[in-house]
Q: 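I'd like to ask some things about the structure below.
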Amino acid sequence: MNIDKTTSLYNKVSLWILCALTLVGFVTMQVTGRDVLLGALIVSAVFHLVCSISYGQAWKAVARRSPETLPKLYLASSAFRLILAAMVMLVWCFINRGSLESIKWFAAVFIVYYVVMLVFDAIFFAKVSKNSNK
């Protein structure tokens with residue numbers, strides 16, 4: 001298994017997915033005329049970009065040093081991302097506590113990003129683990 005190549009592929013594909021989600025969000029914002037989506041799109045894209053880069057680098061470090069602990073990394077990083085996502089949503093709710101519409105749209109957009117990236121991570125690293133066990 002080529003660790004650098006796998007990390008590079010992960011970063012590339014996750015960036016493409018985030019760009020596609022953001023583009024769909026911008027098009028939706030233009031079609032529906034909901035300017036309230038802009039903040040949600042920016043925060044969601046930046047949050048998940050930072051998480052993806054961090055996750056890729058953490059995976060690379062663990063895969064090089066002790067590949068037998070990768071399952072623990074998958075569990076710990078998923079739990080950590082869930083906690084960070086909850087904190088981001090709470091901060092957004094606190095900042096925009098006067099606008100229920102803004103909170104609802106933010107939650108919807110953020111959850112879509114979260115689920116898509118979670119599914120991508122699960123599928124990507126399941127394939128990587130399967131290929132490395134051969």
Side-chain angles (χ1 to χ4, degrees):
M1 168 175 60
N2 189 339
I3 293 171
D4 290 326
K5 202 174 196 180
T6 302
T7 304
S8 176
L9 179 63
Y10 173 77
N11 288 333
K12 187 186 328 180
V13 174
S14 64
L15 181 62
W16 276 107
I17 291 172
L18 288 172
C19 288
L21 285 171
T22 305
L23 181 62
V24 167
F26 285 146
V27 169
T28 303
M29 191 175 84
Q30 286 295 320
V31 170
T32 62
R34 297 197 184 275
D35 294 337
V36 72
L37 292 176
L38 183 61
L41 289 170
I42 292 170
V43 170
S44 298
V46 170
F47 173 81
H48 289 287
L49 179 64
V50 170
C51 282
S52 293
I53 292 170
S54 302
Y55 191 36
Q57 294 304 315
W59 182 86
K60 182 178 177 179
V62 171
R64 280 199 174 136
R65 290 190 183 102
S66 58
E68 67 278 355
T69 61
L70 280 173
K72 291 179 185 176
L73 172 72
Y74 300 143
L75 178 64
S77 63
S78 293
F80 188 64
R81 185 185 329 193
L82 177 66
I83 292 168
L84 286 177
M87 289 173 54
V88 167
M89 288 190 63
L90 284 173
V91 167
W92 183 270
C93 290
F94 180 74
I95 291 172
N96 294 295
R97 62 183 172 265
S99 174
L100 186 59
E101 181 185 12
S102 173
I103 292 171
K104 286 180 183 178
W105 282 108
F106 178 79
V109 169
F110 195 79
I111 289 170
V112 167
Y113 272 84
Y114 185 85
V115 168
V116 168
M117 293 309 293
L118 188 65
V119 168
F120 164 68
D121 287 345
I123 292 170
F124 184 86
F125 287 111
K127 285 183 179 182
V128 167
S129 295
K130 183 180 176 184
N131 290 339
S132 68
N133 289 336
K134 285 184 178 181

Q: Under 3.5 Å, is there a donor on one side chain and an acceptor on the other for D121 and Y74?
A: no
Q: Please name the pair of heavy atoms, one in T22 and one in A45, separated by the smallest distance, quoted to 0.1 Å.
A: OG1-CB, 3.6 Å
Q: Same cluster or not: are L73 and L9 linked, directly or through other Ile, Leu, Val, Met, Phe, Trp or Tyr residues, by side-chain heavy atoms under 4.5 angstrom apart?
A: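 Looking at the clustering, L9 is in the same group as L73.
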Q: To the nearest 0.5 Å, how far apart are CH2 in W105 and CH2 in W92?
A: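 Interatomic distance, W105 CH2 to W92 CH2, rounded to 0.5 Å: 13.5 Å.
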Q: Does the ring centre of Y10 sit less than 6.0 Å away from the ring centre of F120?
A: yes
Q: So, taking the atom named NE2 in H48 and the one named CG in L15, what distance separates them when rounded to the nearest 0.5 Å?
A: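 Between atom NE2 of H48 and atom CG of L15 there are 14.0 Å.
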Q: Counting heavy atoms not belonging to F26, are there more than 12 under 6.0 Å from its CZ?
A: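 For F26, atom CZ is crowded (more than 12 foreign heavy atoms under 6.0 Å).
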Q: Does L49 share a hydrophobic cluster with L118, counting links as ILVMFWY side-chain heavy atoms below 4.5 Å and allowing steps through other members?
A: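 Hydrophobic grouping puts L49 apart from L118.
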Q: Output the distance between atom CZ (F106) and atom CG (L37), rounded to the nearest 0.5 Å.
A: 11.5 Å
Q: Hydrophobic cluster membership, with links at side-chain heavy-atom distances under 4.5 Å among I/L/V/M/F/W/Y: are I53 and V62 in one?
A: yes
Q: Rounded to the nearest 0.5 Å, what separation is found between the OG atom of S52 and the CE atom of M117?
A: 3.5 Å
Q: Does I42 belong to the same Ile/Leu/Val/Met/Phe/Trp/Tyr cluster as V24, with side-chain heavy atoms less than 4.5 Å apart forming each link?
A: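 No; tracing contacts between hydrophobic side chains, which count when under 4.5 Å, never links both residues.
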Q: Would R64 and T7 satisfy side-chain contact (heavy atoms from CB on, under 4.5 Å), going step by step from the backbone distance to the final call?
A: CA-CA 11 Å; R64 280 199 174 136; T7 304; over 6 Å; no
Q: Okay, side chain of S99, backbone of S102: is any donor-acceptor separation there less than 3.5 Å?
A: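 Yes; judged by distance alone, with no hydrogens or angles, the pair exists.
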Q: Can you hop from I3 to V13 via hydrophobic side chains spaced under 4.5 Å?
A: yes
Q: To the nearest 0.5 Å, what is the distance between CD on Q57 and NZ on K60?
A: 5.0 Å
Q: Going from OG on S14 to CG on L18, what distance comes out if it is rounded to the nearest 0.5 angstrom?
A: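 Interatomic distance, S14 OG to L18 CG, rounded to 0.5 Å: 6.0 Å.
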Q: Mind checking whether T6 and W59 have side chains closer than 4.5 Å, heavy atoms only?
A: yes
Q: What pair of heavy atoms forms the shortest contact from S44 to A40, and how long is it?
A: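 Nearest heavy atoms, S44 then A40: OG-O, 2.7 Å.
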Q: Quick check: F47 with Y114 (ring centres under 6.0 Å apart)?
A: no
Q: Among T28, L21, V109, exactly one meets side chain to side chain contact (heavy atoms under 4.5 Å, CB included) together with L41. Which residue is that?
A: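 The passing option is V109.
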